[in-house]
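For reference, the structure discussed in these notes is given below.
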Amino acid sequence: MPLLREIRERLQNEDCHALIGEVWQDASHKFVNSEFRTYMAGDNLTGTMNYPVRNFIVSLLQANNETEEVAAMNDLEKLVENYPKAFLEN
């Protein structure tokens, strides 16, 4: 996104290297109005709020059986596969 690129460039010029976005879904596959958002392209955000990780924890804690536990673990595995390491650590 041009606006995020501009904000990140200005922050880097001020020696600030963090731009955390509030993306409620999987930020690696985010579409808004049929447009793919490149939050993780390397020139936009440096991290997200990680609501999907929160959702994983809640789903795992609320699981009533092994099938629900496996489904929660699969959701986490998708995030780990799709997110850059830096995004998982933020």
Taking CD in E66 as the centre, count heavy atoms belonging to other residues, nucleotides or ligands within less than 6.0 Å. Is the count above 12? no
Taking C-beta and beyond as the side chain, do V58 and R54 meet within less than 4.5 Å on heavy atoms? yes
Give a yes or no on whether L3 and M40 share a hydrophobic cluster (residues Ile, Leu, Val, Met, Phe, Trp, Tyr; joining criterion: side-chain heavy atoms under 4.5 Å apart). yes
Donor-acceptor pair, distance only, cut-off 3.5 Å: does the side chain of D26 make one with the backbone of S28? yes
Point-to-point distance, once rounded to the nearest 0.5 Å, from CG of N74 to OG of S59: 12.0 Å
Where do T48 and A27 come nearest, in terms of heavy atoms and distance? CG2-CB, 3.8 Å
Honestly curious: do L79 and L61 fall in one hydrophobic cluster under the side-chain, below-4.5 Å linking rule? yes
Spacing of E6 atom CD and D43 atom CG [to the nearest 0.5 Å]: 12.5 Å
Interatomic distance, R37 atom CZ to L45 atom CG [nearest 0.5 angstrom]: 11.0 Å
From L60 CG over to M73 CE, what is the distance, rounded to the nearest 0.5 angstrom? 6.5 Å
Heavy-atom nearest pair, L19 first then N44, reads CD2-O, 3.9 Å
Taking N50 for its side chain and V53 for its backbone only, find out whether a donor-acceptor pair lies under 3.5 Å. no
Quick check for you: to the nearest 0.5 Å, what is the distance between Q25 atom CD and K30 atom NZ? 3.5 Å
E9 side chain to R5 main-chain N or O, any donor-acceptor pair under 3.5 Å? no
Around atom NZ of K78, are there more than 12 heavy atoms from other residues, nucleotides or ligands closer than 6.0 Å? no
Does E81 CD have over 12 foreign heavy atoms under 6.0 Å away? yes
Where is the tightest heavy-atom contact between Y51 and W24, given as atom of each residue plus distance? CB-O, 3.6 Å
Would you name the heavy atoms of E68 and Q62 that are closest together and state the gap between them? OE1-O, 4.0 Å
Establish whether F36 and Y39 are linked, either directly or via other cluster members, by ILVMFWY side-chain heavy-atom contacts under 4.5 Å. no
Hydrophobic cluster membership, with links at side-chain heavy-atom distances under 4.5 Å among I/L/V/M/F/W/Y: are V80 and F56 in one? yes
Okay, side chain of R8, backbone of T46: is any donor-acceptor separation there less than 3.5 Å? no
Would a single hydrophobic cluster contain both V70 and I57, if residues Ile, Leu, Val, Met, Phe, Trp and Tyr are joined by side-chain heavy-atom contacts under 4.5 Å? no
What is the minimum heavy-atom distance between H17 and Q12, and which atoms define it? ND1-CG, 3.7 Å
